[in-house]
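Here is the structure we will look at, set down as structure tokens.
In what follows, chains carry the letters A, B, and so on, assigned in the order in which the sequence lines appear, proteins first and then strands, with residues in each chain numbered from 1.
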2 protein chains.
Amino acid sequence: MASSPPVTLKRLADATGVHPSTVSRALNEKTRHLVASDVAERILAAAQTLGYRPNRLAASLRTGQSRLIGVILPDIANPVFAPILGGITEVLSEQGYSPVVADAGNDRSRQTSFVDDLINHQVDGLILATVSREDGVVSHCLQRGVSVVLVNRSEQRGRVSAVVSDDAHGIRLAVDHVVELGHRVIGHVSGPRHLSTGDLRQSGYIGAIRQHGLEPHIEEAERYAREAGIDPALRLLRSVPGLSAIVAANDLLALGVFDAIQSLGLSCPGDISVVGHNDMPLVDLVSPPLTTVRISHRDMGCEAARLLLEEITTGVEPRRRLVLPSELVVRASTSVPGRREG
Amino acid sequence: MASSPPVTLKRLADATGVHPSTVSRALNEKTRHLVASDVAERILAAAQTLGYRPNRLAASLRTGQSRLIGVILPDIANPVFAPILGGITEVLSEQGYSPVVADAGNDRSRQTSFVDDLINHQVDGLILATVSREDGVVSHCLQRGVSVVLVNRSEQRGRVSAVVSDDAHGIRLAVDHVVELGHRVIGHVSGPRHLSTGDLRQSGYIGAIRQHGLEPHIEEAERYAREAGIDPALRLLRSVPGLSAIVAANDLLALGVFDAIQSLGLSCPGDISVVGHNDMPLVDLVSPPLTTVRISHRDMGCEAARLLLEEITTGVEPRRRLVLPSELVVRASTSVPGRREG
DNA sequence: TAAATCTCCGCAATCGATTGCATATTGTCA
DNA sequence: TGACAATATGCAATCGATTGCGGAGATTTA
């Protein structure tokens, strides 16, 4: 029952009466032609019966390629990042790579130490979902000479490739939608400005609002969380006269806006229309079902993995910026302006 | 800018004028006492200035310990498994381990191939969240001699440690709750019986129902998904006279039950009370807010990781079965039996 | 048939860190 | 001062797979 001594190349070599190097060549499809076919067959058969398992560690040490990709997330349990990770793992495993994931939170030093740790594990590349607009972690990776791709968020200076959604466009869809419904005083609960999503969506909001000849009203949330959306929403609701719609930078924030609206005894969409962002799972079931901007986070993960793999295998860094489209999903949290108007 | 030749032990040795073995000892806290303190300091300083990064691969090859743990999930994006993974990564990284995750779906051969792949990567252990009650994958791991811990689901024969929630107890809480409200005809949308959660919850339901002197009414869903809950719920609603409450094996199924109720023009909880299971994020926000049984999936992940690490470091396999408590969370999807009765 | 060419395979170094054993140096005690 | 212990360091093997180089033997060419 106990684990018998592992079957190594050497053992296979002994069993088949050839040299380990021959076994290695026979086992590797790309070098198999260097071995006589009958010998190769014999080796393959022996590998089969003895249950040979190659030690990837040893191979990695020699070749310098671990086929491991580090993934650093701010929060696995966040419904935004889980599907991203799903997309990443899907593409990686298709290509014979495996993700090593670190849930690093928002603490920069923690992130850096995870990066170091992953690099020590000789990962072939890194996917970062944690970066802020000015991010020391990226510098750190660059300095260490590791391929890096950013996902969901990008950094200010475009030093590395990134896969993001079209934040400005998405928020514009949201604004246009409520404007079309007839709203004129539209607030924005923005995400943290040190994150690209927060910043871009906020400026997108301003641009869209101005284009309609309206005034922007912005309150910033400290982080992307339901609880963090409440206070900014309350500030908007209390201080902006005639406010009839709120565009949130994120679905979670939008749920916080719901909470704020309810706590003031108002209703959505009767008094206030609300638009979210991301179309995360279940927001079609909340009450009222949330109008939001759909982003395919899974696709973002897939694309990020593809981009990284391409950089790794070809050796060139295209340093691309992939912008995925977003689309408006109208549900029941928005309607024509109601009673509270005037 | 390009990656300069990596700083190795040998390089450090040259730089400090000692033998690589001395450098190795100086760098490792546990062997540092074997080195003169002034030499050790000199080495440490050199490591610092040269930016030495130990190659974990090489160390792993030599020591046979990779400090990597394989995690196999059926679906990362599922709100049940994301927090489990969160708990796992938290505990692992505290202890200096990293998770390598595979999103294997429900396909057995895929799972097995992922297991093999992870073992080839020399993971020190595996956490499986995919197992069914009779699971070949577990046998496979056992045969390969890898430490394994199951999480969320357990297998029939208790060959390895597992961390699960108290499924029977949880469902009993649910049944008791609706019985107390006055319901007498209570159906169950069960999970797949080939999964331990499906099986245990179903038998828990039967036990609880019988204990109250009532009749069980069960329809099984093919998988844990919102869509999969609709048909079983429709069958119950159509064929069981007087049905006034449905206990679902899972929140997602409960949401499917909502869909079914709505499609028949009925209302919840007016006509039918519904209880879920898991208390996954946002079910407090759906309409109506879901009464459910709370399980801390994050805790399950933490405990599973702890258990595995203990087995790995001590070398003994306690083969424990950790059952985490569950608790009823009453919201608005349950109420006293309504109009449809009689 | 000698020379040139191919095929197939073994040899040995290598990746980078770890560790049992041996050795050199210093210190201690009788 | 000679013997012995303790301390500090070097040596070399090792983990398991990969790969450039070279050589033996078979095959083709002139």
Rounded to the nearest 0.5 Å, how far apart are [atom1] of [X] and [atom2] of [Y]?
X	Y	atom1	atom2	answer
B:I84	B:T89	CD1	OG1	12.0 Å
A:R223	A:N106	CZ	CG	9.0 Å
B:L322	B:L150	CG	CG	12.5 Å

Using whole Å, report how far [atom1] of [X] lies from [atom2] of [N].
X	N	atom1	atom2	result
B:R25	D:dA8	CZ	P	12 Å
B:R62	D:dA17	CZ	C1'	16 Å
A:D14	D:dG16	CG	C1'	13 Å
B:L61	C:dA17	CG	C1'	9 Å
A:Q122	C:dG16	CD	C1'	9 Å
A:L27	D:dG16	CG	P	16 Å
A:E29	D:dT18	CD	P	13 Å
A:Q65	C:dC15	CD	C1'	13 Å

| request: Determine to 10° how strongly the helix from C:dT1-D:dA30 to C:dA30-D:dT1 is bent, judged from the axes of its five-pair ends. | output: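 What I find for the helix from C:dT1-D:dA30 to C:dA30-D:dT1 is an axis angle of 50°.
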Taking DNA chain D as the partner, which of residues 30-58 of chain A come within under 4.0 angstrom of it by heavy atom?
->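 Heavy-atom contacts with DNA chain D come from A:Y52, A:R53, A:P54, A:N55, A:A58.
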Checklist line | Backbone of B:I76 reached by a side-chain donor or acceptor of B:D103 within 3.5 Å | finding: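 Looks like yes, one N/O pair under 3.5 Å.
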Quick check on side-chain hydrogen bond (donor to acceptor under 3.5 Å, both in side chains): which of A:E311, A:E317, A:R319 does A:S161 satisfy it with?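 Option passing the side-chain hydrogen bond (donor to acceptor under 3.5 Å, both in side chains) with A:S161: A:E311.
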At less than 4.0 Å, is any side-chain N or O atom of A:T63 found next to OP1 or OP2 of D:dT18? Yes or no.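 Checking D:dT18 against A:T63, no side-chain N or O comes under 4.0 Å of OP1 or OP2.
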OP1, OP2 of C:dC9 versus side-chain N and O of A:H19: anything below 4.0 Å?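 Looking at the OP1 and OP2 atoms of C:dC9, neither is under 4.0 Å from any side-chain N or O of A:H19.
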* Options C:dT19, D:dG16, D:dT19, nucleotide nearest the side-chain atoms of A:T8 ->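 Comparing C:dT19, D:dG16, D:dT19 against the side chain of A:T8, the answer is D:dG16.
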* Identify whether the distance between the nearest side-chain nitrogen and carboxylate oxygen of B:R306 and B:E303 falls below 4.0 Å. =>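 The answer is yes: the pair qualifies as a salt bridge.
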field: Polar side-chain contact B:S21-D:dC11 base: donor and acceptor under 3.5 Å
entry: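 Counting by modelled atom types and ignoring angles, a donor-acceptor contact under 3.5 Å is found here.
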(Q) Applying a 4.0 Å non-hydrogen cut-off, can you work out what A:V23 is touching in the nucleic acid: base, sugar-phosphate, or nothing? (A)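 The residue A:V23 makes no contact with any strand.
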Give every residue pair that meets the salt bridge (charged side-chain N to carboxylate O under 4.0 Å, His left out) criterion with at least one member in residues 105-134 of chain A, sequence neighbours excluded.
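Checked against salt bridge (charged side-chain N to carboxylate O under 4.0 Å, His left out) - neighbours excluded - the pairs reaching residues 105-134 of chain A are A:D116-A:R144, A:D116-B:R53, A:D117-B:R56, A:R133-A:D199.
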Exercise. Under 6.0 Å from the CZ atom of B:R157, do we count more than 12 heavy atoms belonging to anything else shown?
Worked result: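 Result for CZ/B:R157: open.
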In this structure, which one of A:V149, A:L308, A:L128, A:L142 forms a side chain to side chain contact (heavy atoms under 4.5 Å, CB included) with A:V160?
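Among the candidates, only A:L142 passes.
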